[in-house]
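In what follows, every heavy atom counts, from backbone to side chain, and hydrogens, waters and symmetry copies are set aside.
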Amino acid sequence: LHASARAIDVRGFQLADGRRIDVARDWYRQDAAGRFLRAVGKAACRHFQVVLGPPADRFHHDHLHVDIGPWRLCQVG
């Protein structure tokens, strides 16, 4: 899927103020960074067919995987 441009992996975000939010480090935190990542994951499920994050399995512990299907699966929380 990645090679055919049907999927991307997101490891984190760099905010305008320079802060970095990292999926591997911050996903399970109960602070703003963790809440932000979980909200992004849930929002992605509304726009992509497949969204996998750290709760999905050990292969997605450090990134969000988003793709356009063909099936539907949301495992981010």
| message | Distance check, rounded to the nearest 0.5 Å: C74 atom SG versus R46 atom CZ? | response | 9.5 Å

| query | Of the non-hydrogen atoms in F48 and D67, which two are nearest, and what is the gap between them? | reply | CB-O, 3.5 Å

| request: Pick out which of L64, V23, D62 makes a side chain to side chain contact (heavy atoms under 4.5 Å, CB included) with R11. | output: D62

| task | Give me the ring orientation class for H63 and H60: parallel if the planes are under 30° apart, tilted from 30 to 60°, perpendicular past 60°. | result | tilted

| task | Test side-chain contact (heavy atoms from CB on, under 4.5 Å) on R58 and H61 and set out the steps. | result | CA-CA 5 Å; R58 65 186 176 95; H61 71 95; 5.6 Å; no

| query | Between V50 and G69, what is the shortest heavy-atom contact and its length? | reply | CG2-CA, 4.4 Å

| remark: Closest non-hydrogen atoms of G77 and P55, given as atom of the first, atom of the second and distance, are N-CG, 3.9 Å

| task | Measure the CZ-CZ distance between R29 and F36 for me, rounded to the nearest 0.5 Å. | result | 14.5 Å

| Donor-acceptor contact below 3.5 Å, side chain Q30 vs main chain Y28 | yes

| Among V76, L52, V10, which one satisfies side chain to side chain contact (heavy atoms under 4.5 Å, CB included) with H65? | L52

| said: Salt bridge check, D22 against R20: does any charged N sit closer than 4.0 Å to a carboxylate O? | reply: no

| So do W27 and R38 actually touch side chain to side chain, heavy atoms under 4.5 Å? | yes

| query | Taking side chain as C-beta onward, heavy atoms only, is L15 less than 4.5 Å from I21? | reply | yes

| task | Report, as yes or no, whether the 6.0 Å neighbourhood of atom CZ on R72 holds more than 12 heavy atoms from other residues, nucleotides or ligands. | result | yes

